[in-house]
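Worksheet for the structure shown next.
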Amino acid sequence: MDESRNKDRKYPSQLDPNSKINRIDKTNISIKALIESDLTALTQEQIFYRSLYAYSTDAVFLLDAEGIVIDINPSGQQMSGYTLQELKDSDFNLFLFSEDVAKSIETFRSALTKKRTEKLKFSFRAKTGEAMTVSATIVPIIQNDEVVALLGISRDITEQEQSVRILDAQNKVLEMIAKSTPIEETLDRLLHMAEYETGAKCSIHCYDKKNHAITNLAAPSLPEDYMKAVEGIKVGEKGGSCGASISRKEIVIVEDIEHSPLWEEHREVALRNGLRASWSLPLIHGDGEVLGTFAMYYEVPRLPTKKEMEFIRKTGYLARLAIEQERSASLIYRMAYHDSLTRLPNRRFFQEKLGNSIAEAEENGSNLAILYLDLDRFKTVNDSLGHGAGDDLLSKIAERLKQALGETSFIARHGGDEFAILTEDQQMSQAEQTAQQILHAFVKPFEVEGYELFITPSVGISMYPQHGTDPAALLQHADSAMYQAKEAGKDTYMLYDAQSEKNTSARIMLENDLRKSLEKNELHLFYQPQISLSPDRRIGAEALLRWHRGNREWIAPIDFIPLAEETGLILPIGEWVLRTACEQGKQWIDEGYEPFIMAINLSPRQFRQPNLVQSVRTVLEETGYPAKFLELEITEGMTLNVEEASEKMKQLREMGVHISIDDFGTGYSSLNYLKRLPISRLKVDRSFVQDVETDLGDRDIVKAIIAMAHNLKITVIAEGVENEEQLSFLKENGCDEVQGYLFGRPVPADDFRRGMDAQNAPKQ
Ligand code: C2E
Ligand code: MG
Ligand code: MG
């Protein structure tokens, strides 16, 4: 008998103590005498009743008015598994399942007081451990108008009852699965049902493929001590019945744990917890993958009946469904809330988390720090090494961030190369420390596709509640602080500051306007003449970009080219410059002006474009401008990758296009490239020309540049020539060409044409 079930049992003696029936003198019960009497002394009628009682296939029991067992017939003994000796004089209700006791007491009371036959359906646990359900007719035995005993005639309806009950329970579990109830709840329900039906203690374990071990999922009645001991047991022949069932992929029945080799290593803890028999069924997914096991334990050694085997399979099936459903739901959840590349939480997850953290922080009066991180020049990696490398770098960065910040921070991938980090309960100074940890994490290079890449982040910080109290404001402010960090030179962090944000918004507006500048025809090219010193004549023009923003203010290139470069807008703009300059050049040729070199400036990004050569060719073809009159100005920095630059420049040169080095002398590159690249002209930077009258150093530099270029058979042009003194110094030192305000400022095409007309006009 299961002792634990008896603790809260109510006894029939709790019936009204004043009731007449409770005061029956047991010695007076003639029916008892009848049962215990010697057969020879009985009348024919009595013998007839006696054999009905003894040979009935129904279980018949006799209780006294207090519900104490007086007798039970052989069928009853067989059904319950208990002998008469074991049952006699015990409280009948002690044997019932606790949930049936109240009903039983009520039925007895009614039979006793109303003196009429009653029906009672109840369940109890047979000695074998099996749950039984019977339907009983309770007949009051009346003597002298008093009920002296109760006769119960009962029929085993276990099977039909159980199948209805199991079906109900299974339907309930299925419903829970369909409604995506948390798996712990669903499995708990399932195991409670299984334990009720079988009298076993049950558990469900997951199979942890990575560690080849089992982990606990549900076990409502197994002792904690035991569950702790089996957590993480290795799968295999030494892993108890569960471990073996997973590795064998078949049901494993251990009749007696005490003697099973499978239990060698875990026997002690099982026995210590009173477990003797263990049956484990592996839960196998349709594709053959093992998900876990369903296990049943008994406190006595035993083998399952056929019926129980069927029950195990049905229960295992439901457990499997629940786990599969949980898995697909969690997969969908993962997909919806995580970034598949870095496996970090995604933007949606971050925003939900931020919302929740704000609510908590508001309640506790604590602080939050939001750190917004953007990688500096990540696009360069994508452009030069391809997207595969970019992806690889992003995952490595995610790993590095996780390592650097540990569990305390919530790290999410917020966009392409942007990460958002939330740290709870941080003061401003701690948030700054976190930012420093982040910067520090980028000091070592990242190894990507065999390259060692150095990349840096810019980090913006906003604080709750100082900088905002809702997710949108906090994120926006962290983002604008990040822009400020970029403006401050990148590879740094900034705390949000409302004033600097105003500047940032101005910048954002500038970017927006610049985006629209092309379609709104706000871009213009100005042309500045280039003059040869011997003979003294116009040999070229440099096309210089101007932006007539909103058709109101003129914006110099220095104020928008860096932004265009950073945002990528330089590509369509650069293409427009090339085309417009060539169209203009062609028009002047068509108008009869003597053809001259049209110089246009290329930005680094344009030069890096893989299709640069092709797009120059297309523009030349489409405009009809002769390649030999086109010059592309690049800067020293663009020649750093000599191999790549040389290939492009060779192709351009083959087409007839010239290449010049702009702002020469300001870069730090080795001069080696001058020998290896097909360069037509060096443009001495204006900063040297400016001071040639006064600065001896600059004079020497200019002289050296001219000498070196001539040595390499490269023409030299000086930029920014503003006065006669500069001009005569350049002339004296053999400079070939000049450009500067002294000869003409950059002007619109019509003005430039007028300038040409004036020069060509016959001198008065
Ligand atoms: P840059 O290519 O070195 O252009 C020469 C700059 O010096 C021009 O400034 C020009 O107006 C200025 N300049 C010419 N002569 C004198 C002079 O005698 N004195 C002084 N003080 N300045 C003189 P601008 O037009 O403001 O252009 C600045 C820079 O913007 C250019 O420098 C070039 O790097 C860039 N840029 C201009 N147009 C384009 C373009 O279409 N594409 C690209 N990628 N960059 C451009
Ligand atoms: Mg230039
Ligand atoms: Mg220049």
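In listed order, ligands and their atoms are each counted from 1.
Of all the heavy atoms of Asp662, the ones lying under 4.0 Å from any atom of ligand 1 belong exclusively to the side chain. Residue Asp685 does not touch ligand 1, judged by heavy-atom distances below 4.0 Å. Residue contacts with ligand 1 for Val577 involve side-chain atoms from C-beta outward but no N, CA, C or O (heavy atoms, distance under 4.0 Å). Within the 4.0 Å heavy-atom criterion, neither part of Ile600 lies near ligand 1.
When Gln528, Arg686, Lys683, Glu633 are ranked by how near their heavy atoms come to atom 22 (N) of ligand 1, first place goes to Arg686. Of the listed residues (Asp559, Asn601, Leu525), the one carrying the non-hydrogen atom nearest atom 34 (O) of ligand 1 is Asn601.
Within 6.0 Å of atom NZ in Lys379, 12 or fewer heavy atoms from other residues, nucleotides or ligands are found, so the atom counts as exposed in its surroundings.
A cation-pi contact links Arg745 to Tyr741, judged by a cut-off of 6.0 Å to the six-membered ring centre and 45° from its axis.
The aromatic ring centroids of Trp588 and Phe629 lie 6.0 Å or more from each other. For an aromatic pair to be called close, the ring centres must be under 6.0 Å apart, and Phe688 with Phe664 fails this.
Inclusion of Gln739 in the set of residues having an N or O under 3.5 Å from an N or O of ligand 1 is not warranted. Considering backbone and side-chain N/O atoms, Pro557 never comes within less than 3.5 Å of an N/O atom of ligand 1.
Heavy-atom separations between Arg745 and ligand 1 are all 4.0 Å or longer. Distances from ligand 1 to the non-hydrogen atoms of Ile558 include no value under 4.0 Å. For Arg546, the heavy-atom gap to ligand 1 drops under 4.0 angstrom.
Of the options Thr423, Leu422, Leu373, Leu344, a side-chain contact (heavy atoms from CB on, under 4.5 Å) to Ile411 is made by Leu344 and by none of the others. Test Glu719, Glu737, Glu636, Glu631 against Lys683 for salt bridge (Lys or Arg N to Asp or Glu O under 4.0 Å) and you get one pass: Glu719.
Near Gly740, the atoms of ligand 1 lying under 4.0 angstrom from a non-hydrogen atom of the residue are 15 (N), 18 (O). Counting the atoms of ligand 1 from 1 in the order shown, those under 4.0 Å from a heavy atom of Ser603 are 44 (N). Set against the non-hydrogen atoms of Pro746, the atoms of ligand 1 under 4.0 Å away are 11 (O). Interface atoms of ligand 1 facing Glu722, defined by a heavy-atom separation under 4.0 Å, are 17 (C), 18 (O), 19 (N), 20 (C), 21 (N).
Considering the Mg ion (ligand 2) as centre, the angle to OD1 of Asn601 and to OE2 of Glu542 is 90° (10° rounding). If you put the vertex on the Mg ion (ligand 2), OE1 of Glu633 and OD2 of Asp662 sit 80° apart, to the nearest 10°.
Glu725 places none of its side-chain heavy atoms less than 4.5 Å from the side chain of Val692. Counting heavy atoms from C-beta outward, Leu620 and Tyr625 have side chains that approach closer than 4.5 Å. Side-chain contact between Leu525 and Ile600 is absent, with no heavy atoms from C-beta onward closer than 4.5 Å.
Remark: the backbone N or O of Gln351 is not paired with any side-chain donor or acceptor of Arg348 at under 3.5 angstrom.
Between the side chains of Glu565 and Ser603, at least one donor N or O lies within less than 3.5 Å of an accepting N or O.
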